[in-house]
Amino acid sequence: MKIAIYPGSFDPITLGHLDIIHRAARISDKLIIAVLINSDKKPMFSLEERIELIKKATKGIENIEIETYGGLLADYAREKKATFIIRGLRAVTDFEFELQLAQTNKKLNPEAETVFLTTSVEYSYVCSKYVRDIARFGGDISAFVPGEIVDDIKRKCIEERNNQ
């Protein structure tokens, strides 16, 4: 069984992420979407909220599981018996960082190969940070995120403003 892991913070999930998920699901028997627990970052959405957004956005994709992980990705891949780590590349600027990460993961877990999927051209500029910024300023994010979660993101921005 070909098990792949697609790790990320998904804060929030974007159409670019979803594009990679659909494509990775086609080339693996099981795709684990691994939501990173990172105490160094202050995400807009809680871990539970991010999982719910991913579930909404990926409804209907049969061979995926959504989990959380903390610690080393190489160890997590070994624990899950994953043979592939999926990483998306938007631009050449992503490559250097991703290559170093892939080489480090390979050293820590020789059984897992990193597979780079380049984003489809229409999503090559989309990133979660821009989505958060646009949403916080009341901009239209519908071209950047799955339609199923647009209202959730708007609600979260209203909550943030009300709590300031």
Side-chain angles (χ1 to χ4, degrees), residues 1-38 41 43-91 93-132 141-150 152-153:
M1 175 181 267
K2 290 183 273 184
I3 300 172
I5 295 175
Y6 180 37
S9 56
F10 305 103
D11 186 38
I13 187 171
T14 67
L15 290 174
H17 292 130
L18 195 56
D19 175 53
I20 297 292
I21 290 167
H22 279 286
R23 292 165 51 212
R26 284 197 304 267
I27 62 172
S28 59
D29 297 314
K30 178 167 76 171
L31 175 63
I32 300 169
I33 300 170
V35 183
L36 175 63
I37 301 167
N38 186 345
K41 287 187 174 181
M44 179 180 200
F45 292 92
S46 70
L47 198 54
E48 296 76 20
E49 290 170 324
R50 286 182 275 158
I51 290 168
E52 283 307 309
L53 294 177
I54 295 167
K55 283 180 182 177
K56 282 183 178 184
T58 59
K59 194 172 189 159
I61 305 173
E62 299 296 323
N63 62 329
I64 65 165
E65 293 178 7
I66 304 164
E67 299 188 3
T68 61
Y69 84 99
L72 295 174
L73 178 58
D75 292 340
Y76 180 73
R78 185 178 297 108
E79 174 190 325
K80 294 297 176 178
K81 298 181 177 32
T83 52
F84 298 102
I85 297 168
I86 304 292
R87 299 297 292 175
L89 295 175
R90 290 176 299 215
T93 53
D94 290 342
F95 183 73
E96 188 173 338
F97 169 78
E98 292 294 344
L99 177 63
Q100 290 174 337
L101 186 60
Q103 290 169 334
T104 302
N105 283 328
K106 186 68 172 171
K107 186 72 172 174
L108 295 172
N109 181 352
E111 303 303 313
E113 293 291 340
T114 298
V115 175
F116 296 114
L117 295 178
T118 56
T119 56
S120 296
V121 173
E122 63 267 32
Y123 307 121
S124 63
Y125 61 92
V126 177
C127 79
S128 295
K129 181 188 179 333
Y130 296 161
V131 169
R132 290 190 307 268
I141 57 170
S142 61
F144 309 108
V145 298
E148 300 87 348
I149 68 168
V150 169
D152 296 296
I153 297 170

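Remember, it's a predicted structure, so these values are computed and weren't measured experimentally.
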Next item on the list: Compute whether any side-chain donor of one residue and acceptor of the other, for Asp19 and Ser120, lie under 3.5 angstrom apart.
Entry: yes
Item checked: Least distance between heavy atoms, Ile86 atom then Pro7 atom -> O-CD, 3.3 Å
Margin query: Go through it in stages, so that I can follow the logic: the residues are Lys55 and Glu52, the test is side chain to side chain contact (heavy atoms under 4.5 Å, CB included), and I'd like the CA-CA distance, side-chain angles, deciding distance and then a yes or no.
Written below: CA-CA 5 Å; Lys55 283 180 182 177; Glu52 283 307 309; 3.6 Å; yes
Note to self: A side-chain contact here means heavy atoms from C-beta on lying under 4.5 Å apart; do Asn63 and Ile61 qualify?
What the structure shows: yes
Note to self: For a 4.5 angstrom cut-off between non-hydrogen side-chain atoms, does Arg50 reach Pro12?
What the structure shows: no
Next item on the list: Could you tell me whether a side-chain N or O of Asp94 sits under 3.5 Å from a main-chain N or O of Arg90, the two making a donor and an acceptor?
Entry: yes
Next item on the list: Spell out, as yes or no, whether a donor-acceptor pair under 3.5 Å connects the side chain of Asp29 to the backbone of Ile3.
Entry: no
Next item on the list: Work out which heavy atom in Asp11 is nearest to a heavy atom in Met44; give both atom names and the distance.
Entry: OD2-N, 2.8 Å
Item checked: Heavy-atom pair with the smallest gap, counting every atom of Gly88 and Ile20 -> CA-CD1, 4.1 Å
Notebook entry, point to check: Are the side chain of Thr14 and the backbone of His17 linked by a donor-acceptor contact shorter than 3.5 Å?
Noted result: yes
Next item on the list: Kindly indicate, with the supporting measurements, whether the criterion side chain to side chain contact (heavy atoms under 4.5 Å, CB included) is fulfilled by Val126 and Leu15.
Entry: CA-CA 8 Å; Val126 177; Leu15 290 174; 5.6 Å; no
Notebook entry, point to check: If every non-hydrogen atom of Leu31 is compared with every non-hydrogen atom of Ile21, which pair is closest and at what distance?
Noted result: CD2-O, 3.6 Å
Checklist line | Heavy-atom side-chain contact between Ile85 and Glu113 under 4.5 Å | finding: no
Margin query: Could you go through Arg87 and Leu101, starting from their C-alpha distance and side-chain angles, then the distance that decides it, and tell me whether this counts as side chain to side chain contact (heavy atoms under 4.5 Å, CB included)?
Written below: CA-CA 10 Å; Arg87 299 297 292 175; Leu101 186 60; 3.9 Å; yes
Check: Hey, what do you get for CD1 (Ile66) to CD1 (Ile54), rounding to the nearest 0.5 Å?
Finding: 5.5 Å
Check: Could you give the distance from NZ (Lys81) to CD1 (Ile32), rounded to the nearest 0.5 Å?
Finding: 11.0 Å
Note to self: Would you compute the distance between atom OG1 of Thr118 and atom CZ of Phe95 and round it to the nearest 0.5 angstrom?
What the structure shows: 12.0 Å
Notebook entry, point to check: Is any side-chain heavy atom of Asn105 less than 4.5 Å from a side-chain heavy atom of Asn109?
Noted result: no
Check: Charged N to carboxylate O under 4.0 angstrom, Arg78 versus Glu111?
Finding: no
Check: Counting distance only, does the side-chain N/O of Glu49 pair as donor-acceptor with the main-chain N or O of Ser46 below 3.5 Å?
Finding: yes
Check: Is any side-chain heavy atom of Lys59 closer than 4.5 Å to a side-chain heavy atom of Glu148?
Finding: no
Next item on the list: Measure the OG-CZ distance between Ser128 and Phe144 for me, rounded to the nearest 0.5 Å.
Entry: 12.0 Å
Item checked: Closest approach of Leu36 to Leu47 (non-hydrogen atoms, all atoms of both residues) -> O-CD1, 4.1 Å
Next item on the list: State whether a side-chain donor-acceptor pair under 3.5 Å links Glu79 with Tyr69.
Entry: no
Note to self: To check you understand the geometry: which heavy-atom pair defines the closest contact between Gly16 and Tyr123, and what is its length?
What the structure shows: CA-CB, 3.8 Å
Next item on the list: Count the heavy atoms belonging to other residues, nucleotides or ligands that lie under 6.0 Å from OH of Tyr130, then report whether that count exceeds 12.
Entry: no
Checklist line | Check: Phe84 and Tyr6 side chains under 4.5 Å, non-hydrogen atoms | finding: no
Notebook entry, point to check: Is there a side-chain contact between Ile13 and Val145 (heavy atoms, below 4.5 Å)?
Noted result: no
Next item on the list: Start with the C-alpha gap between Ile33 and Glu67, add the side-chain angles, then the distance that decides, and say whether side chain to side chain contact (heavy atoms under 4.5 Å, CB included) holds.
Entry: CA-CA 6 Å; Ile33 300 170; Glu67 299 188 3; over 6 Å; no
Margin query: Is there a side-chain contact between Lys80 and Lys30 in this structure, where contact means two heavy atoms from C-beta onward sitting under 4.5 Å apart?
Written below: no
